> 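One structure, pasted below without further comment.
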Amino acid sequence: MATDVISESGGKSDFWQGVRLSMPVVVASAPFAVLFGALAVDQGFTVFEAFLMSALVFGGASQMVGIQLFGQHVAPWLIVLSIFAVNFRHVLYSAGIGRRIAHWPVLSQALGYFILTDPQYAVAEARAQSGQTVGFAWYLGLGLPVYVFWIVESALGALFGKLIPNAHALGIDFLLPIYFLGLVMGFRKRPLWLPVVVASACASIIAYKTVGSPWHVSIGAVAGVLLAVILPPHHSGVETR
Amino acid sequence: MSTTFWIIIAGAIATYLTRIGGHLVISRFDNIHPRVEAGLNAVPAAVLTTLVAPELLHAGPAEWAALVVTAAVSLRGGLMAMFLAGAAVLILARQFVG
């Protein structure tokens with residue numbers, strides 16, 4: 001992927017350069033799209049609903065959280081709040097990338113923010129930091145294949161998921177906790193990771209036992225975030241400016 | 001329209017707000033307070049942890065084995081590797097302990 005394409009100023013070559021960079025993301029996200037579709041159906045979604053969620057939300061972890069809570073019959077507004085909470089990190093990406101794409105027409109910007117996922121931000125920011133402009137054609141080339149494959153593979157996973165006969169023997173019901181643990185571990189390089197995880201784990205278990213589901217999600221999350229806010233900044237690794 | 005449909009629509013709007021909101025709101029401030037930034041940094045791990053921890057209460061040997069292996073593999077491998085390892089252990093262990 002390190003091949004530098006000599007960019008002719010035409011939008012077409014910029015687009016295809018973006019497409020080329022999108023390929024690792026397409027490959028890496030494919031299993032998760034299929035998994036989402038299969039699990040969504042297992043939790044009570046229809047194939048169309050699984051497809052629709054992928055097409056409109058377009059955020060893997062938050063979609064998994066949504067179907068997990070949906071399967072537990074949690075109040076709808078709390079499901080939406082949890083999706084919002086998991087996706088809240090995008091606020092930081094949005095603030096960062098906003099400076100890079102401010103020269104686009106407003107509608108292009110609106111579309112650009114819609115496909116602003118973790119890898120989209122990472123690759124676009126890397127391009128900007130290398131001194132190149134982040135053009136709309138290039139950005140779209142990077143994001144569009146990821147989006148198209150994501151929704152098609154979700155639908156395929158949902159169709160396939162309906163064919164699974166014995167969900168328990170295949171462990172389908174416990175795949176989401178495993179997946180979420182994987183995501184939690186993925187954040188382990190972040191400052192304050194361990195204290196936050198311990199605080200959230202303890203608070204959510206206590207809340208689950210006392211107040212009951214679904215409140216353990218909000219209470220546990222608030223406990224972890226509050227701990228990060230309260231601890232002195234030099235522990236959190238955030239520079240004081 | 002079903003409840004599920006409206007959950008999806010509302011979830012989509014909430015998600016779009018996070019994607020455009022940083023540009024509309026945060027970029028107006030010159031700097032973010034370090035404590036706010038520390039709190040924002042902690043959000044994903046905090047939320048995701050609450051989806052795993054209570055599952056431990058009714059996890060049997062097969063589930064525990066799967067989570068331990070997932071955590072162990074995560075120290076070296078990527079997300080897909082640890083997920084597949086955890087899932088494999090779970091399926092295998094359930095053949096023996098149900």
Side-chain angles (χ1 to χ4, degrees), chain A residues 31 45 49 52-53 56-57 59 62 65-66 68 76 79-80 83-92 94-95 98 113-114 116 169-171 174-175 177-187 190 192-193 196-197 200-201 204-205 208 216-217 220-221 224-225 228-229 233 236 238 240-241, chain B residues 2-12 14-27 31 34-57 59 62-63 66-67 70-71 74-75 78-80 82-83 86-87 90-91 94-95:
Chain A
F45 269 44
E49 286 162 350
L52 190 71
M53 191 177 202
L56 296 182
V57 175
S62 69
V65 169
Q68 160 93 342
I79 299 179
V80 175
I83 292 172
F84 183 72
V86 172
N87 281 330
F88 202 73
R89 66 187 187 282
H90 292 125
V91 166
L92 297 174
S94 165
Y113 286 115
F114 179 74
L116 184 60
L170 286 176
F174 202 71
L175 289 184
I178 292 175
Y179 173 76
F180 291 137
L181 177 65
L183 286 179
V184 170
M185 296 301 291
F187 287 108
R190 290 235 180 144
L192 293 179
W193 177 80
V196 167
V197 166
S200 292
S204 66
I205 287 176
Y208 187 85
H216 65 279
V217 177
V225 172
V229 172
S236 55
V238 176
T240 355
R241 265 157 290 172
Chain B
S2 67
T3 314
T4 318
F5 177 81
W6 291 113
I7 291 173
I8 292 169
I9 298 295
T15 301
Y16 191 66
L17 286 179
T18 66
R19 288 190 169 135
I20 200 163
H23 169 62
L24 295 179
V25 180
I26 296 213
S27 55
N31 50 9
R35 285 179 193 261
V36 175
E37 195 175 340
L40 290 176
N41 275 335
V43 168
V47 174
L48 293 164
T49 299
T50 68
L51 297 168
V52 183
E55 298 288 337
L56 300 177
L57 295 175
E63 288 77 15
L67 291 176
T70 305
S74 78
L75 300 177
L79 180 57
M80 206 61 210
M82 59 179 124
F83 175 76
L90 178 70
I91 293 168
R94 277 197 178 168
Q95 308 305 315

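The structure presented is a predicted model; accordingly, all values stated were derived computationally and were not measured. Residue numbers begin at 1 in each chain, while the letters A, B, ... track the order of the sequences. Hydrogens, waters and symmetry mates are skipped; everything else that's a heavy atom, side chains included, is used.
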> Within this structure, what is the OG1-CG distance for the pair B/T18 and A/N87, rounded to the nearest 0.5 Å?
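If I round to the nearest 0.5 Å, the distance is 5.0 Å.
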> Between atom OH of A/Y179 and atom CE of B/M82, what is the distance when rounded to the nearest 0.5 Å?
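The distance works out to 10.0 Å.
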> Give the C-alpha distance, both sets of side-chain angles, the deciding distance and a yes or no for side chain to side chain contact (heavy atoms under 4.5 Å, CB included) between B/L75 and A/M185.
CA-CA 8 Å; B/L75 300 177; A/M185 296 301 291; 4.3 Å; yes
> To the nearest 0.5 Å, what is the distance between CD1 (B/I8) and CG (A/L52)?
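The CD1 atom of B/I8 sits 5.0 Å away from the CG atom of A/L52.
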> Are B/E55 and A/F180 close enough that some pair of their side-chain heavy atoms sits under 4.5 Å apart?
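No. Closest side-chain heavy atoms not under 4.5 Å.
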> Please name all residues satisfying side-chain hydrogen bond (donor to acceptor under 3.5 Å, both in side chains) with A/S204, sequence neighbours left out, ordered by chain then number.
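side-chain hydrogen bond (donor to acceptor under 3.5 Å, both in side chains) list for A/S204, sorted by chain: empty.
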> What part of B/S74 gets within 4.5 angstrom of chain A, counting heavy atoms only: side chain, backbone, both, or neither?
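For B/S74, backbone and side chain are both near chain A.
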> Side chain, backbone, both or neither: which part of A/F84 has an atom under 4.5 Å from a heavy atom of chain B?
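Both backbone and side chain of A/F84 come within 4.5 Å of chain B.
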> Only pairs of heavy atoms separated by less than 4.5 Å count here; which of A/L116, A/I79, A/L183, A/V196 has the most with chain B?
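The answer is A/L116.
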> Go through B/T70, B/T4, B/I7 and name the one with the most non-hydrogen pairs under 4.5 angstrom from chain A.
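Top option by heavy-atom pairs under 4.5 Å: B/T4.
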> I need the minimum non-hydrogen distance between A/I178 and B/A87, along with the two atoms involved.
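Looking at all heavy atoms of both residues, the shortest contact is CD1-N, 4.0 Å.
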> Would you check if B/E63 and A/P177 make a side-chain contact, meaning some heavy-atom pair closer than 4.5 Å?
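No, their side chains stay 4.5 Å or more apart.
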> So, for B/G22 and A/S94, which heavy atoms are closest and what is the spacing to 0.1 Å?
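Closest heavy-atom pair between B/G22 and A/S94: N-OG, 3.2 Å.
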> Determine all donor-acceptor pairs shorter than 3.5 Å in which one atom belongs to a side chain in residues 45-54 of chain B; sequence neighbours excluded.
unit_1: B/T49; atom_1: OG1; unit_2: B/A45; atom_2: O; d: 2.6
unit_1: B/T50; atom_1: OG1; unit_2: B/V47; atom_2: O; d: 2.6

> Can you tell me which portion of B/L67 sits under 4.5 Å from chain A's heavy atoms? Options are side chain, backbone, both or neither.
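It is both, since atoms from each part get that close.
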> Which atoms of A/F114 come close to chain B, meaning under 4.5 Å heavy atom to heavy atom: side chain ones, backbone ones, both, or neither?
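Both parts, backbone and side chain.
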> Between B/A14 and A/V80, which heavy-atom pair has the shortest distance, and what is it?
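Closest heavy-atom pair between B/A14 and A/V80: CB-CG1, 4.2 Å.
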> Please tell me if the side chains of B/F83 and A/L175 come closer than 4.5 Å, counting only heavy atoms from C-beta onward.
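With C-beta onward as the side chain, the pair touches.
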> If I measure from the heavy atoms of chain B, does A/E49 come under 4.5 Å with its side chain, its backbone, both, or neither?
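Both parts, backbone and side chain.
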> If you define the side chain from C-beta out and look only at heavy atoms, does anything of A/V229 sit under 4.5 Å from B/V36?
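Not touching, per the 4.5 Å side-chain cut-off.
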> Please verify the inter-ring angle class for A/Y113 with B/H23; under 30° counts as parallel, over 60° as perpendicular, anything in between as tilted.
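Correct class here is parallel.
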